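In this chain, numbering begins with 1 at the start of the sequence shown. Remember, predicted model here, so these are calculated numbers, not experimental data. In each ligand, atom 1 is the first atom listed, and ligand 1 is the first ligand listed.
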Amino acid sequence: MKIVEVGPRDGLQNEAAAVKVDAKVRLIEDLVEAGVRHVECGSFVSPKWVPQMADTISVFAQVRRVAGVSYSALVPNLTGLAEAVRCGVEEVAVFASASETFSRRNINCSIDDSLERLRAVTAEARTRGMRVRGYVSCVLGCPYEGEISLAAVLRVASALAEMGCYEVSLGDTIGVGTPGKAQTMARAVAKEVPVQQLAVHFHDTWGQALANILASLDAGIEAIDSSVAGLGGCPYAKGASGNVATEDVVYMLDGLGMETGIDLEKLAAAGRHIMHVLGRPSASKAALALAALKEK
Ligand code: HMG
Ligand code: MG
């Protein structure tokens, strides 16, 4: 199973207090040390929109890169891509929404305009030999519009695949989805985009993320996004809590006999350290259970 660790980006982008570059770098290096092979390290977005990510250039300058690990960054436009190129980033992630209102709130343009913009970003990135991943937000609901139609999800997912994204991650941005709906959505998208090219990205606001992942595995999904310690939330999705915790996903997959290459103890240690920096407890049940075992 492929795990895409999004903690350093999706996890930290919503933190109100500035997290120091050293702590971000340490988090990424700890995750890699634990066996994580795909890390979204930050974003090159407008610092006026997401101040916490303003130092992503410094993060990339300082992080010690290990061969065979993908250190990616989120980019919204050609300006962000140019920054990524300057930082020697080899993989970028672009993002669009299945909800018209969320698109305007998050990136200040319509879905159609965003897809046109991302087509240019993807083409330029691929010309430079970079890999491009695509996100579809609000696949199971929108904080502004409520229900989102499957047709809207299919349209954006297909557009991202067609423009050259090697993987399309289906984002339940506000964590409202339930397993039946998640599986129906994943199966429907898999009819348009090969399932090997799909990933799932569940926030855990309503406590459904692990169940949704299990339902997605039944639909043939083999790539999962998660955040260590369950960090996260989107600054433009009010009430959205963190991503599903990587520790919880790894514990579940270990139990199912599915290989991730990640050492749960080391992963939990990475989570403990960043939560110590943030000054609050982990949102990962598995990490809390491991810590309790150690105290015995
Ligand atoms: P805009 O204001 O429409 O942009 O924002 P603009 O092109 O008119 O530029 C305005 C200013 O921003 C200019 O500077 C640009 O240079 C600057 P000024 O002349 O005012 O000084 N600018 C930039 N600066 C740095 N990096 C850039 C960049 N682009 C423009 N890349 C924009 C449009 C897209 C830039 C803005 O809305 C934005 O940055 N939005 C990002 C919001 C964001 O990061 N949201 C969170 C990530 S999405 C997410 O979390 C969901 C996901 O996890 C999946 C899921 O959960 O479903 C992926
Ligand atoms: Mg997200």
(request) Would you tell me which option among Asp172, Val6, Asn106 has the nearest heavy-atom contact to atom 41 (C) of ligand 1? (result) Asn106

(message) Quick check: of its N, O or S atoms, which one does Asp10 have closest to the Mg ion (ligand 2)?
(response) OD2

(request) Just to the nearest 10 degrees, tell me the angle at the Mg ion (ligand 2) spanned by His201 NE2 and His203 NE2. (result) 90°

Part of [X] with heavy atoms under 4.0 Å of ligand 1, whether side chain, backbone, both or neither:
X      : value
Ser137 : both
Val139 : neither
His203 : side chain
Val50  : side chain
Asn77  : side chain
Arg117 : side chain
Met53  : neither
Val45  : both
Gln52  : neither

(message) So if I count the atoms of ligand 1 from 1 in the order they appear, which ones are less than 4.0 Å from some heavy atom of Gly171?
(response) 57 (O)

(request) Decide whether a cation-pi geometry holds between Arg9 and Phe95; the criteria are a distance under 6.0 Å from NZ or CZ to the six-membered ring centre and an angle within 45° of the ring axis. (result) no

(message) To the closest 0.5 Å, what do you measure between CG (Leu231) and CD (Glu5)?
(response) 8.0 Å

(request) Assess whether salt bridge (Lys or Arg N to Asp or Glu O under 4.0 Å) is satisfied between Asp112 and Arg155, documenting all intermediate values. (result) CA-CA 10 Å; Asp112 282 341; Arg155 180 168 86 90; 2.8 Å; yes

